[in-house]
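Sequence lines set the chain letters: A, B, ... in the order given, protein chains first and strands last, and positions in each chain run from 1. Remember, predicted model here, so these are calculated numbers, not experimental data.
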2 protein chains.
Amino acid sequence: MVRARISDVAVAAGVSVTTVSLVLNDVESRISEETRNRVREAAATVGYAPSAVARGLRQQRMRTVGIISDQIATTPYAGRMLAGAQDVARDNGKLVILVDTGGMADIEQDAIRALASQQVDATIYAAMWHRVVEVPDGLPADTVFLDCRPRTPGFRSVVPDDRAGGVAATRELIAAGHRRIAFIDTELSPQRPIAADLRHAGYVEALSDAGIVPDAALHVHGEITAGGGRAATERLLDLPVEVRPTGLFCFNDRMAAGAYIAVHRRGLRIPQDISIIGYDDQQLVAAEQDPPLTTVALPHYAMGRWAMEVALGVRATAFSGALPRPGTREPEHGGDTSASGEEDANHQMECPVIRRDSVGPPPAQVAKPNRRRTSQHTERPPSAAPDR
Amino acid sequence: MVRARISDVAVAAGVSVTTVSLVLNDVESRISEETRNRVREAAATVGYAPSAVARGLRQQRMRTVGIISDQIATTPYAGRMLAGAQDVARDNGKLVILVDTGGMADIEQDAIRALASQQVDATIYAAMWHRVVEVPDGLPADTVFLDCRPRTPGFRSVVPDDRAGGVAATRELIAAGHRRIAFIDTELSPQRPIAADLRHAGYVEALSDAGIVPDAALHVHGEITAGGGRAATERLLDLPVEVRPTGLFCFNDRMAAGAYIAVHRRGLRIPQDISIIGYDDQQLVAAEQDPPLTTVALPHYAMGRWAMEVALGVRATAFSGALPRPGTREPEHGGDTSASGEEDANHQMECPVIRRDSVGPPPAQVAKPNRRRTSQHTERPPSAAPDR
DNA sequence: CTGAAAGCGCTAACAA
DNA sequence: TTGTTAGCGCTTTCAG
């Protein structure tokens, strides 16, 4: 069976192709209702499916968007990012062409050429974990970066606000009453994720805000695995009891899972003896720890949506006006309907705390009694010097 | 800057568009080497990028393949399937258009229409976990089903061989010396995954082959979560010691993680006191258990490859000849180069056992001494009562 | 060895 | 209210 063309419908309906085109695309209502029905029936009976290719060639707009990603496979939460982008694309009548480059530069170049060839309406460059990326040659100027920040400025991008997340995680522990809070960090290798620095900065900021001076002994490092988290935690638990942390902020859930193992091996309980907070809210690991892990969620779905909304021009950003994006408006969708107004072109998305059961108050016997507790009322730590 | 067309290249090179087309597509070498170079230079200087859309319209072949999937986001290992498909597509010069339907029938219909409209060369219908699916109306007859089996026959499909995987898992335990082996199954709900029945069938088969009669008390059920696995395991551990299982085959790694918790809570050790084997080889959970979990891997990457190879016709199957797939051969790739020959159209892919540290020999004291053990020397535990 | 020209299926300017 | 027709950019047949 061969594809029916628009002319077949025209013949079947006894009208011209123009009429068919007008009717099927709901352009103006200058065609009589009767003709419209006749055309629609004819289209149905001949089994007409319009060719997006021919339409695309004529209109120079394919209604597709390309997503170039390194490593779709390696990270389990990458899917949520794609889902967010996908959903927005669908709501705007676009199809997604996905290319996984495996991080290889030559494949990346092929992908860029192929997408240009396909005349995609927009391009998203996605990384599967928050990092700084080199902008590949030939990438369209209006490309939106998802979960990564381009080294070259002038592009729109969205990344998680890892610093604020680090603040939130640390505050969660502080609010529960902890003062000795450790940060279980990744190693200081050159490929260290920038999220590590940001989360650590947030940790320091939150401590300082609470008048707690960060203790270098409580900043430990390990591989980004459960094993790494476990080893680092063991070192922390070896500390003398009066300096040993009562709260652990782990770089991610994977390391937190290792911390659980170390803590349980010592016969300590979570959160009665020690509180733990993770990061990532990784599905199938955070919620299924014993007890369920309190953590900070990475807003993958929301970031995917943001990137696609910006790429399609349904959400304005600081660069939107400056960028050459002609003919992208969808007449039938009424243009910019997002009331969100203009946002920063480099967006940082909030990482919400997911409260489960691994954070509680610190054990009573560890809370060092405050020596000069004369008329001390509010949270004023003895260690905080009034001035320097 | 406006796209350069082929005519721009022709003008720049001082030749006709025909020549440019011939040169750039490496068609016959009837063009002189000198002209070829001139054309290539001209193309480079004007920054020519051919339009896949115009080419597609002319050739009626877009070199794209559509993948329709329910739920790309929900399962963490789905990515590997897409990666497999993606890699094969790339090696064959195809681009992947991915549509996530979220399992909604109306969106699915839109997706099918949209892909037909895009004139994709092939279509893959993927589920994110092994199940039987209804074939949606309008799906092309040559669609390949990935990780699911269509209810209507006549389509090509690939799924994991869960029965053989169940056999392999159970044999792993039997080979280590276990005789009392439990199967921690999912619940018997109507939406029960077919993998559960298959793995259980494999379990029964392996036991029978080893001359062990399956004990109904050792077939327990729970939710497909760590909590479900934990509860089921606790029931098993409550059994009198002489009937209590020494080996646990869990429906999946998630439930196995729950089994770990239950076992550790009882103060038992893995694998010294009890051996555990999972299923799925779920990244970031199986390998990071303490001890690392022995499990059966789901061959997602290989299934993704298989589906794409079959969809593109680079791998033959039983239905290949019968199906109407005209004009799909790639002249430049020399057609069918896969030496694998004709395969069954409904392929079952092997699930390999991943050996880690959660399976060992059963504890000696539990091994009921064989009554007629006349000349037995090794491993005779003193605590074992000669008879009951 | 190279070029002219038809046409893939559709939209949209212009005519009627 | 409807129809004619010129392309969109490319490949490919057929002539030179």
Between the protein and nucleotides 13-15 of chain D, which nitrogen or oxygen pairs come in under 3.5 angstrom?
none

Choose from dC10(C), dT2(C), dT4(D) the nucleotide whose nearest atom is closest to any side-chain atom of Ile6(A). dC10(C)
To the nearest Å, how far apart are Asp8(B) CG and dG9(D) P? 9 Å
I want to check one thing: is the phosphate of dG9(D), taken as OP1 and OP2, less than 4.0 Å away from some side-chain N or O of Ser7(B)? no
Want to settle it: does Arg58(B) or Thr19(B) sit nearer the 5' end of DNA chain C, counting the closest nucleotide to each? Thr19(B)
Nearest-Å distance, CD (Gln119(A)) to C1' (dC8(D))? 9 Å
Enter the distance from Gln119(B):CD to Gln59(B):CD here, rounded to the nearest 0.5 Å. 12.0 Å
About how many Å separate CG of Leu98(B) and CD1 of Ile67(B), when rounded to the nearest 0.5 Å? 6.0 Å
Grab the CG-P distance between Asn25(B) and dC10(D) for me, whole Å please. 10 Å
To the nearest Å, give me how far apart CE (Met62(A)) and P (dC8(D)) are. 17 Å
Is there a donor-acceptor pair closer than 3.5 Å between any side-chain N or O of Arg3(B) and the backbone N or O of Ala49(B)? yes
For Ser51(B) and dG9(D), is the shortest distance between a side-chain N/O and OP1 or OP2 below 4.0 Å? no
Of the non-hydrogen atoms in Ile112(B) and Gly138(B), which two are nearest, and what is the gap between them? CG2-O, 3.3 Å
Atom CZ of Arg5(A) and atom P of dG7(C) are separated, to the nearest Å, by 12 Å
Among dT12(D), dG3(D), dT11(C), the one nearest Ser21(A) by side-chain distance: dT11(C)
From dC10(D), dG3(C), dT2(D), nucleotide with atom closest to Pro50(B) side chain: dC10(D)
In sequence, state the C-alpha distance, the side-chain angles, and the governing distance for Ser32(B) and Thr35(B), and then conclude on side chain to side chain donor-acceptor pair (under 3.5 Å). CA-CA 5 Å; Ser32(B) 73; Thr35(B) 311; 2.6 Å; yes
Between CD of Gln118(B) and P of dG9(C) the distance, given in whole Å, is 16 Å
Spacing of Leu24(B) atom CG relative to dG9(D) atom P, expressed in whole Å: 16 Å
Quick one: which of dG3(D), dG9(C), dT11(D) gets closest to the side chain of Val15(A)? dG3(D)
Is any side-chain N or O of Ser32(B) closer than 4.0 Å to OP1 or OP2 of dC1(C)? no
Could you go through Thr101(B) and Asp70(B), starting from their C-alpha distance and side-chain angles, then the distance that decides it, and tell me whether this counts as side chain to side chain donor-acceptor pair (under 3.5 Å)? CA-CA 5 Å; Thr101(B) 64; Asp70(B) 61 344; over 6 Å; no
What is the distance from CZ of Arg3(A) to C1' of dG7(C), rounded to the nearest Å? 17 Å
With a 4.0 Å limit, can you tell me whether Gln59(B) has a side-chain N or O closer than that to the phosphate oxygens OP1/OP2 of dC8(C)? no
Measure from the side-chain heavy atoms of Leu57(A) and tell me the nearest of dC10(C), dT11(D), dG9(D). dG9(D)
Would you say a side-chain N or O of Thr35(B) is under 4.0 Å from OP1 or OP2 of dT2(C)? yes
Side chain of Val17(A), heavy atoms from C-beta onward: which of dT11(C), dG3(D), dC10(C) has the nearest atom to it? dT11(C)
Anything under 30° is parallel, anything over 60° is perpendicular, the rest tilted; go ahead and classify Tyr125(B) against Phe145(B). tilted
Presence of Gln60(B) side-chain N/O under 4.0 Å of dG9(C) phosphate oxygens OP1/OP2: yes
Decide, yes or no, whether a salt bridge links Asp121(B) with Arg63(B) under the criterion of side-chain N to carboxylate O below 4.0 Å. no
